[in-house]
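For reference, the structure discussed in these notes is given below.
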There are 2 protein chains.
Amino acid sequence: MTTTAPDPEDLTARARIRDAALRHFGEHGFERATIRGIAETAGVSLGLVRHHFGSKQALREACDEHLMKIMHRLHEEAASRPLGGLNPVAAMGPYRDYLARALTEGSAAPFFDEMVRIGVQWLEEADRRLPDPPGVGPRARATVIAAMALSFSVLTKHVERGLGVSLESTEGQHELLRALLYVYSHPLLTPEEAAEARAALDRRERSTS
Amino acid sequence: MTTTAPDPEDLTARARIRDAALRHFGEHGFERATIRGIAETAGVSLGLVRHHFGSKQALREACDEHLMKIMHRLHEEAASRPLGGLNPVAAMGPYRDYLARALTEGSAAPFFDEMVRIGVQWLEEADRRLPDPPGVGPRARATVIAAMALSFSVLTKHVERGLGVSLESTEGQHELLRALLYVYSHPLLTPEEAAEARAALDRRERSTS
DNA sequence: CGGGCGACTATACGTGGGTATAGTTTGCTT
DNA sequence: AAGCAAACTATACCCACGTATAGTCGCCCG
């Protein structure tokens, strides 16, 4: 994990503040989190937060930026390992809550777009090995898949309730992975159902055009 | 109050306040939304909101309750129509934003659980027609599927950016449905990939037990 | 008529919390 | 050593917003 020092700044007060902000924003959301609380967690004064980041909004942006850096590192690591690409929820441990917040209330758009970009590459490669063209563009599919993959981070609480396990535990992670693996390898719709639905969609499209 | 009639209250100030709250909470989130703003949208005074609902928290709970009522109605309608079960994002139109907020910051747990319940029924029925048992319980699968289905409501903004269309428009809806239909009817993982991943998972599980 | 009650408004109160400023310590350069 | 900039603290400001109170209007019941 700490094979290579990630950032020499990681012991500075600035880094501590940023990490505390990550946690507070993740736990309570951007609005409910207070600069005072963040300062206390980081063990610094209120003013120092402002000195380093200027405003709450700027602090949030710094967190977003840092999240992106983390993500790139995790992605490179995960690419080598097996199962890496499957479980974004596991991959990012303590940053999961912040990511979830950033996706819904904040500005994790670059992160999402990056996932789509990677997915597109992945799909284009896979499509090339296919006999018949897919009929739906890789970008649309990658978008849908990215959203689905992130749902487990965003809806963690509900997924945990549904599965009856905590997703912090490795046991919970495995439980989720097993279910994911099943769903990802078994189509939800039979060919007949899909054909029927597609027909219904075509009908509806022609009628409203 | 607590009228028993279906919707004769829908023109009363109380209903207007509730609807305005739904919109404000959905657009800005619970914290950022202000009672004053809600009152203004509803065309009433600040005090009347308090008179009818008592507190901001209670107002939110009234919204949650109303959302559940709406959902039940929409679900019954959707069950009959074709394509109904597929696109929860389309189904709930103006309530989508509020639902997304409630799922992440609020208390839409009953709603999620209801979706899981319905999914379990659906899957148990489908499993009965299967030759071999699925290996992953219906509840786990239903949970995963529910989360995935809701991701398009929660991550609407990002999905719209990815697809390049607005999900308000019927055109955007169709675009999404087409992509969904493809993904739902084509497994993401080939049998070999799935087997490999499952093997890796088993290995990992045995090593940590 | 009158009086009581629910719908509704106007105004005030208190405070949490983001922002701003002034002051103190630390450390580095010449 | 001097001095200056960055790191850091203490304190004050101020206003948005949830909450609370007092009061007005209109309707129904006896």
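Keep in mind that the numbers below use all heavy atoms, side chains included, and drop hydrogens, waters and symmetry copies. Just so you know, these numbers come straight off a predicted model, no measurement behind them.
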Self-check item: B/E40 atom CD, neighbour heavy-atom count above 12 within 6.0 Å
Solution: no
Quiz item: Take atom CZ in A/R117; do more than 12 heavy atoms of anything else shown fall under 6.0 Å from it?
Solution: yes
Quiz item: So does B/H51 get a side-chain nitrogen or oxygen closer than 4.0 Å to the phosphate oxygens (OP1/OP2) of D/dA20?
Solution: no
Quiz item: Can you check the A/L48 CG to C/dT26 P distance for me, whole Å?
Solution: 14 Å
Practice problem: May I have the distance from B/H24 (atom NE2) to D/dA16 (atom C1'), rounded to whole angstrom? | Solution: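 So the NE2-C1' distance, B/H24 to D/dA16, works out to 16 Å.
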Quiz item: Can you list every side chain to side chain donor-acceptor pair (under 3.5 Å) pair that touches residues 54-64 of chain B, not counting sequence neighbours?
Solution: B/Q57-B/E61, B/D64-B/Y98, B/D64-B/S107
Practice problem: Summarise how protein sits on nucleotides 11-24 of chain C as a single string, 5' to 3': B when a protein heavy atom is under 4.0 Å from the base, S for sugar-phosphate-only contact, - for no contact. | Solution: -B----BBBBB---
Quiz item: Shortest non-hydrogen contact from B/R178 to A/V136?
Solution: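 Where B/R178 meets A/V136 most closely, the heavy atoms are O-CG2, 3.9 Å.
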Exercise. Enumerate the residue pairs fulfilling ring pair (Phe, Tyr, Trp, His ring centres under 6.0 Å) with a member in residues 29-62 of chain A, sequence neighbours excluded, ordered by first and then second residue.
Key: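 Listed by first then second residue: A/F25-A/F30.
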